[in-house]
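Take a look at the structure below.
When a residue number appears, it is its place in the shown sequence, counting from 1.
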Amino acid sequence: MCLPCTSNSNFIGVVCTDIKLKDLVEDTTYLQQGEDTYSFIIDGTGRTLIHPLLPDPRDSNANEYDVDDIDNFETGGNVKEVIESMKLGLAGSKEINTTVAQVRGKLLMEGDKRTRMRAIYQWQQIKETNFSLCIVFPKYSVNRILQDLPPSHTAFLYHRWDIASWPGEKCKQFARYATTESSVVKLTPEAFVDPTVYLDTVETKSSVKKMIDFISGDRSTNPGLKIAALNSVLATEKIDSIWKKNQRKTHFILWRFLATEVGVVRIYPGVKLQQSYDHKLREWYRRTIAHCNINVISAPYNDHWGAGKVISISRTIHIKRKGDHSHGENVEAVIAGDISVFYFHQLILKMFSVCNDRRYVCMVIDNSGFLVMHPSFVESKGLYFEDRSFHITHLEGTIARSLIKENIMFKQPCLSVESQKEQMTYRVVLTFFNLNGLDKMNSEGYELRPIRNTNLFFILKIKKNIKDDQCCSAKNSEKSPNVVRCTSAPCDCLCYRQVNYNECENKYNATEKHIPCSAALPVLTTNPIKEDYLITNLPSCFDSDCSCKDNELDCYNISGCSWCSVSMSGDLLENPFCDSQETCPVQVCHSKNCEQKCDAFDDLGKSKSSTAVIIVVCILLILLSSLILFLICLRRYKQQKLNKKHNEAYLDPAMDNYQEVVRYNGNRAQIYDGHQEQKAQVGRRLPGHPPVENETDGVIYTVSNSVVPDTGIS
């Protein structure tokens, strides 16, 4: 930034200073009143200093860009009137129909989402500069601040174990030093009144104690935290009891997350995070925001915390408020969990029994065309170790061509500011004529079905002896889409098209034909957290007991377990077994003794003499019980015979109450009461009867004043 210098009205030079752009525009960077709210700054000539379609100022990997004319970014409705007013240094407000772009995860892979909305533009000149600031927000925006909540009576656990000591025993969750006492809380820069001060200040024991005291109830000194963030911490603390209570039932969940729009993130098991960590800059969070109100499942990726190849499952959380006209689209938080790719594969086999038939191949794709599950992902010599995502055009060319031909999969272009290229990503969308999917089994050997309330599609394919062809060659599939040029073929790789740019006029030729891309998520400069020396002798966070699981689904149902089916030499094991992930990564046994090591089996083999003693004792107890039972029956017989002498008309009393036994047959329930047989549809309320306990075999139940449960998988 520069200013002219004068002496006695004579120009003598210029004084300048360099400042970081991220510091200059920090207030607009962290301006958030909803996911559709944004701001931009231009100068008097229309050059753009900051805009959500430009590379994020915090991005350490961002390239220089030449495109900066605001007309390339603001192209909606009557926005030209707003721009001209800003160039003149005026102020104003105007309603405009505009389009907002949201990145759908990884920009080059998944592209962005476009949302039309009625927006309000408010602009004003920045004092003593030639810059003007404009803030854009939805007409029906909602104040998302939660009501003030009372102080917490639960211990607040901050993520910095090295500063704020954690209570209880510590444990190892894969490659992380962790705690299961409760979730830990990380506050992102957005949770603070001055985000830059938070990022530039090293946390100390004293500063962390002030923050913990403030959140725990001492309101005398606010360490710079927004009240909205404080209320968010208090409002989400009850998730701890739910996570801990359900942990035994959901051992297959590796990590749990709850992240709010006001800068609060909870993680269980609790681990330490970098100070610059911001969930809003993570692909899983942005992908979920772009898919409101459905379960969002990611393509497999390598977990940097040591859990191997994982899949994220996430969903948005909304709070409906009085006067909210947004139809529930205002997101308050995102809840997410990670599962093993092997567990997901077993889940697919269980849900779709046809996948166990060797004549067929089952796979799952997302609505960007990326494979979420493919048989090669779980093969010991397959694609598991590839640290990248695989598109259907890479591995299943025949199906990809067919989907493109049926207009179910199509290319979605957008114009990248950094590269001056039109990037191509894919979308998979069912049309009005095939909302239930596509059946090409007879003609092309496959069918596609949507998985309800998710971003996924299930594909069943007839297995062929010949290798399937590819739309995208193996060589190009390994490259980034911004270096693969598109061809004229309808089925192509993720690729780009070159766009002509007029450097003299600082504009693209034929701008109206190009839609600008959303900016890629920034890569922040971080220092890795080293904890290897801490976890060497620590126990696992959860008692997995892997060795006693006798089938593949039960094995992967436990966090940290792996099914050993292949030896180090590549031969299939005659008796596959379950063991820890360290012993058997990617289903390959790394132990010298590749056999099941369940203690129950070992104890059985070591206790032959004990077993003999137990058998003798059991026989004696049975004989003694039989003798006692005989004596009791004899006494009752004599008593009844005596009573019969006094009253020949005596009748045994009938039972006033009786149990109803419900047997499940398909999707109907048959009720057996000992006197009559009734049939009830699943979900129908049964007649009243005395409370009794349920059987535990999952087939026969005795019920009481309850609704017959629906046992189907949705």
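- Using a 4.5 Å heavy-atom cutoff, the side chains of I365 and L371 are in contact.
- Checking side-chain atoms of R176 against main-chain N and O of G270 turns up no donor-acceptor pair under 3.5 Å.
- Remark: the backbone N or O of Y158 is paired with a side-chain donor or acceptor of W166 at under 3.5 angstrom.
- Listed here is the closest heavy atom pair of S314 and A336: CB-CB, 3.6 Å.
- Distance alone, capped at 3.5 Å, places no donor-acceptor pair between the K106 side chain and the L521 backbone.
- Taking CG of L273 as the reference point, atom CG of D278 lies at 11.0 Å (rounded to 0.5 Å).
- The two residues C486 and M424 have their closest heavy-atom pair at SG-CG, 3.7 Å.
- One finds the CD1 atom of I135 at 10.5 Å from the CZ atom of F40 (value rounded to the nearest 0.5 Å).
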Q: Apply disulfide (SG to SG under 2.5 Å) to C171 and C541, showing your working.
A: CA-CA 5 Å; C171 58; C541 286; 2.0 Å; yes
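- Minimum heavy-atom separation, C495 to K411: SG-NZ, 4.5 Å.
- A side chain to side chain contact (heavy atoms under 4.5 Å, CB included) with V334 holds for exactly one of I317, L258, I289; it is I289.
- Contact annotation: the side chain of V262 never approaches that of K226 to less than 4.5 Å [non-hydrogen atoms, C-beta and beyond].
- Looking only at atom types and distance, the side chain of R104 has no donor-acceptor partner in the side chain of N455 under 3.5 Å away.
- Put simply, CG on N222 and CD1 on I215 are 9.5 Å apart, with the number rounded to the nearest 0.5 Å.
- Remark: the S298 side chain and the R287 side chain contain no N/O donor-acceptor pair separated by less than 3.5 Å.
- In this structure, E283 CD and Y301 OH are separated by 9.5 Å, a value rounded to the nearest 0.5 Å.
- Relative orientation of the Y277 and H279 rings is tilted, given thresholds of 30° and 60° on the angle between their planes.
- The shortest distance between side-chain heavy atoms of Y177 and K170 falls below 4.5 Å.
- In this structure, the ring of H391 has its center less than 6.0 angstrom from the ring center of Y426.
- Residues Y121 and T98 bring a donor and an acceptor atom of their side chains to less than 3.5 Å of each other.
- With hydrogens and angles disregarded, no donor-acceptor distance shorter than 3.5 Å links the side chain of S207 to the backbone of E203.
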Q) Should Y198 and E190 be marked as a side-chain hydrogen bond (donor to acceptor under 3.5 Å, both in side chains) after you check the CA-CA gap, both sets of side-chain angles, and the distance that decides it? A) CA-CA 9 Å; Y198 166 74; E190 194 172 316; over 6 Å; no
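- The two residues Q423 and P481 make their nearest non-hydrogen contact at NE2-O, 3.6 Å.
- D492 places none of its side-chain heavy atoms less than 4.5 Å from the side chain of T393.
- In this structure, the side chain of D68 does not engage the main chain of R47 through any donor-acceptor pair within 3.5 Å.
- At least one side-chain heavy atom of F192 sits less than 4.5 Å from a side-chain heavy atom of L225.
- What you find for D112 and A101 is that their closest heavy atoms are OD2-CB, 4.2 Å.
- In this structure, H291 contributes its side chain and I297 its backbone to no donor-acceptor pair below 3.5 Å.
- Salt-bridge formation is detected for the pair E261/K280: a Lys NZ or Arg NE/NH1/NH2 atom is positioned less than 4.0 Å from an Asp or Glu carboxylate oxygen.
- In this structure, Q173 contributes its side chain and F542 its backbone to no donor-acceptor pair below 3.5 Å.
- Side-chain contact between I239 and R256: absent, with no pair of heavy atoms (C-beta onward) separated by less than 4.5 Å.
- Between L199 and S276 the shortest side-chain heavy-atom distance falls below 4.5 Å.
- Atom CG in L494 sits 11.0 Å away from atom CG in N482 (nearest 0.5 Å).
- When all heavy atoms of Q275 and T201 are compared, the closest pair comes out as NE2-O, 2.9 Å.
- Atom-to-atom distance recorded for E74:CD and N72:CG is 11.0 Å, nearest 0.5 angstrom.
- Without hydrogens or angle criteria, R427 side chain to E110 main chain gives a donor-acceptor distance under 3.5 Å.
- Without hydrogens or angle criteria, S480 side chain to V483 main chain gives no donor-acceptor distance under 3.5 Å.
- Using modelled atom types, no side-chain atom of S368 and backbone atom of F370 make a donor-acceptor pair closer than 3.5 Å.
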